Amino acid sequence: MEKNNLAVANAVKVIKRFNFKSPDEIDFDEIANTDSVKIIYDYLKSALGKIVISSGVAVITISKDIKLETRKRFTIAHELGHFYNERGFQVNDKLSYTCKYDDIFGNYSRNGREKNANDFAAELLMHTDWFVNFTKGKKFNYKLLKDLSQYFNVSLTSAAIRYSEIGQHPTASIFIKDKKIKWTVINKFFKYKFIRINSNVSNLSYVNDHLNGKEYPTEGEEILAEAWFSEDFNLKNRNDRLFEIVIPFENYDSALVILLSK
Ligand SMILES: [Zn+2]
């Protein structure tokens with residue numbers, strides 16, 4: 001999935017303008033106070049975040065029901081994404097978004113403006129330079145994923161997707177809902193490319209075990225490449241293996257899978 005360059009540039013601009021040097025320096029209050037944004041916490045029916053932009057001034061409402069700090073941060077960053085990406089082109093003087101879980105965390109590829117807000121959020125929270133510096137020379141595994149999530153104060157899922165986008169080790173992130181493959185981020189170093197969207201998860205995979213309530217290796221385990229890439233014409237050796245890490249979601253019908261290849 002291609003990043004929206006403008007959204008990424010907008011996030012970099014914020015980082016430079018506020019002179020944030022590392023993830024722990026990101027200060028939402030400072031951003032909000034400087035740029036006429038008000039951030040409030042309130043009850044939101046079935047949404048995580050909301051933004052109303054009017055005459056260049058914005059009110060962001062974040063759901064009081066969000067318990068996870070990482071989710072709260074990503075939601076604020078997402079709403080700021082709407083603000084910086086779109087404040088310039090309000091046609092009717094008022095622009096408003098109510099962002100649900102799927103807009104921010106589930107439905108990664110759809111709806112241009114939601115995706116652009118996510119691209120902004122990913123760049124703001126996990127700025128490319130910081131991410132490359134942090135991962136340089138490190139082997140990708142479950143431990144690195146945990147370290148990334150801690151350092152950037154983001155969920156394991158966000159860290160994994162980001163790694164698939166800009167990490168140096170061959171990785172693929174695959175989002176699964178209702179036992180079907182919904183979207184993938186496969187980086188350029190990964191040896192297989194083709195997974196059919198909306199196909200069923202193979203019963204050879206560990207994520208299938210997890211989704212069926214069975215035990216699965218929490219820090220990952222080797223798996224036959226065939227379990228994921230049986231339709232890829234690059235798969236010539238049926239014994240070829242990948243490494244599969246399952247990241248369960250809170251809502252038990254979804255999961256993220258990270259695959260590593262050599
Ligand atoms: Zn949104």
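Bear in mind that the values here come from a model prediction, so they are computed numbers and not experimental data. For ligands, and for the atoms within them, numbers begin at 1 and follow the listed sequence.
Other residues, nucleotides and ligands contribute over 12 non-hydrogen atoms within 6.0 Å of the NZ atom of Lys138.
Residues passing the side-chain contact (heavy atoms from CB on, under 4.5 Å) test with Asn10, sequence neighbours excluded: Lys13, Tyr84, Asn85, Phe120. Checked against side-chain contact (heavy atoms from CB on, under 4.5 Å), Ala32 has the following partners two or more places apart in sequence or in another chain: Val37, Ile39.
The number of protein N/O/S atoms found under 2.8 Å from the Zn ion (ligand 1) is 4.
The existence of a salt bridge linking Arg162 and Glu123 is confirmed by a sub-4.0 Å separation between a basic side-chain nitrogen and an acidic carboxylate oxygen.
Note: Phe18 and Phe20 have parallel aromatic rings, judged against thresholds of 30 and 60 degrees for the angle between ring planes.
Within the structure, ring-ring contact (aromatic ring centres under 6.0 Å, His included) pairs that include any residue of residues 27-46 do not occur (at least two apart or interchain).
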